[in-house]
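Atoms within a ligand are numbered from 1 in the order they appear, just like the ligands themselves. Scope of the values below: all heavy atoms of this structure, side chains included, with no hydrogens, waters or symmetry mates. Predicted, not measured: the structure shown is a model, and the values here were computed from it.
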Amino acid sequence: MKVEYFESYDVMSKRAAEIIAGELNKKSDMVLGLPTGSTPLGLYANLIEMNKCGEVDFSKVTTFNLDEYYPFKRDDKNSYYKFMFDNFFGKINIDKDRVNIPNGEADDGDVEAAEYEKKLEDCGGLDLMVLGLGANGHIGFNEPEKFLIADTHIAELTENTREQNKRFFDSIDEVPKKALTMGMGSILKAKKILIIITGEAKKEAFKQILEGKITTENPATFLNLHRDVILLTDLKFNLKYEMKEKEREAFEICNFKIEKLNLDMRLTDVKFAPDNSKITFYYINPSNKMLDWGTLVGELRAIFGKQIEVIQVKE
Ligand code: F6R
């Protein structure tokens, strides 16, 4: 996973638009997966501008939206259908016949889900899937659960998600309880994934992605299994600070262990890998004697649960 940090939402949105434009310029008839929500609004605004200036052409692009409330009227002010046309499709040169959004008005939601999945496969699958992140780690409406579902399906919205979405409705009772959503497989089969993360509420879910442990309690952690994910976030500065705190803590723990194991080494620095998969300990070997730090590495691995690297540096 490639993580890019930005100092502002605007710069991040511009970068997201550039990534999509780059892919589009490589393959003008690409199949593009898209989210709704507050996160991609900046991205869509940038793409609309780029389209106006002739920098990107959507005329041959096929799109598949991630989700739609179910059952739900297309012309409801909160439908994802309306959201996409108001904020994006209505303002670019896309061929409306190539726009796919799960049909919230379908009589049979299960049939609609199966047909949507089939259409996605018939189109050759997604070249690029763009995602936002739910505060509870959901992607699309794949909510934290004991198990996740691979294909497009009807999902029950969690209370957390309904709470998050209630800002658009007059009351919580009006927030739908179900939605049609691409499944984890529909998303993870995309050739490339771009996830954009903004907002303090997402911090915990974002940190769990970086930790690299996969859990159905945070569906977005499954992105760690994909080969080509770009993650953009403006949550940079707090995280950097927290990383420093963690490094300080790791330094102290390691020093304590060195003392306990009576090792003749002096710790100089600790660094966490940006994706949090590895911790590197730097040390000086003052007497230049052979050191057996195998036990130390084992103990540190048991504490931190990630790859440990120990590097000798010169005084
Ligand atoms: C929207 C979707 C959701 C949102 C997520 C973040 O189509 O699938 O997973 O991406 O809830 O929403 P915002 O961007 O409003 O914070």
Side-chain angles (χ1 to χ4, degrees), residues 6 9-10 12-13 16-17 20 32-46 63-70 72 74 76-89 99-104 113 116 120 126 128-145 148-149 152-169 175-188 190 193-206 208-209 216 218-223 229-235:
F6 295 87
Y9 172 80
D10 289 347
M12 177 181 71
S13 301
I20 295 178
L32 181 61
L34 294 170
T36 57
S38 330
T39 308
L41 284 173
L43 155 70
Y44 292 153
N46 274 281
T63 62
F64 281 87
N65 260 80
L66 262 173
D67 41 21
E68 175 63 281
Y69 292 125
Y70 184 81
F72 214 64
R74 272 188 171 175
D76 189 293
K77 68 174 179 10
N78 283 310
S79 83
Y80 287 180
Y81 181 92
K82 187 162 167 33
F83 175 97
M84 288 309 293
F85 277 89
D86 287 353
N87 294 296
F88 194 41
F89 297 144
V99 167
N100 298 283
I101 302 175
N103 182 5
Y116 199 72
L120 188 55
L126 298 160
L128 174 64
M129 177 80 242
V130 184
L131 297 171
L133 176 71
N136 63 1
H138 75 212
I139 47 178
F141 277 121
N142 295 282
E143 300 277 26
E145 256 297 351
L148 300 170
I149 297 174
T152 304
H153 60 280
I154 294 186
E156 306 263 345
L157 273 54
T158 59
E159 281 317 302
N160 177 305
T161 297
R162 293 183 69 236
E163 269 300 320
Q164 297 275 328
N165 289 7
K166 101 174 166 203
R167 63 193 193 273
F168 304 111
F169 294 82
V175 185
K177 294 202 163 91
K178 290 182 182 176
L180 278 157
T181 181
M182 280 188 198
M184 294 300 292
S186 338
I187 294 170
L188 289 169
I193 296 176
L194 170 65
I195 178 160
I196 313 170
I197 304 177
T198 183
E200 284 297 303
K202 320 277 176 75
K203 217 164 98 181
E204 208 37 56
F206 168 47
Q208 286 172 7
I209 301 176
T216 60
N218 177 346
T221 57
F222 277 75
L223 295 176
V229 176
I230 306 181
L231 185 157
L232 308 184
T233 184
D234 59 359
L235 284 170

- [ ] Mark up the atoms of ligand 1 that fall under 4.0 Å of a heavy atom belonging to Leu66, in ascending order.
- [x] 8 (O)

Task: Test side chain to side chain contact (heavy atoms under 4.5 Å, CB included) applied to Phe222 and Asn142, Ile187, Leu148, Ile209, the passing residue - done: Leu148

Task: Identity of the nearest option to atom 16 (O) of ligand 1, non-hydrogen atoms only, from Gln164, Lys202, Met84, Glu68 - done: Lys202

Task: ligand 1 atoms in contact with Gly37 (distance to a heavy atom under 4.0 Å) - done: 14 (O), 15 (O)

TODO: Measure the distance from atom 6 (C) of ligand 1 to every protein heavy atom, then report the residue, atom name and distance (to 0.1 Å) of the closest one.
DONE: Leu133 O, 3.3 Å

- [ ] Assess Arg167 for proximity to ligand 1: is some non-hydrogen atom of it under 4.0 Å away?
- [x] yes

Task: Under 4.0 Å to a heavy atom of Pro35 - the qualifying atoms of ligand 1, by number - done: 7 (O)

Open item on the list: Suppose we screen for ring-ring contact (aromatic ring centres under 6.0 Å, His included). Which residues come up paired with Phe85, at least two apart in sequence or across chains?
Closed with: Tyr81, Phe89

TODO: Measure the distance from atom 15 (O) of ligand 1 to every protein heavy atom, then report the residue, atom name and distance (to 0.1 Å) of the closest one.
DONE: Ser38 N, 2.8 Å

TODO: Go through the structure and list residues passing ring-ring contact (aromatic ring centres under 6.0 Å, His included) with Tyr80, not counting sequence neighbours.
DONE: Tyr69

Task: CG on Leu194 to CD1 on Ile20, rounded to 0.5 Å - done: 5.5 Å

Open item on the list: Any atom of ligand 1 sitting under 4.0 Å from a heavy atom of Gly199?
Closed with: no

TODO: Among all protein heavy atoms, pick out the one at the shortest distance from atom 8 (O) of ligand 1; state its residue, atom name and that distance to 0.1 Å.
DONE: Asp67 OD2, 2.5 Å

Task: Nearest non-hydrogen protein atom, atom 1 (C) of ligand 1 - done: Thr36 OG1, 3.1 Å

Open item on the list: Among all the protein's non-hydrogen atoms, which is closest to atom 11 (O) of ligand 1, and how far away is it?
Closed with: His138 NE2, 2.7 Å

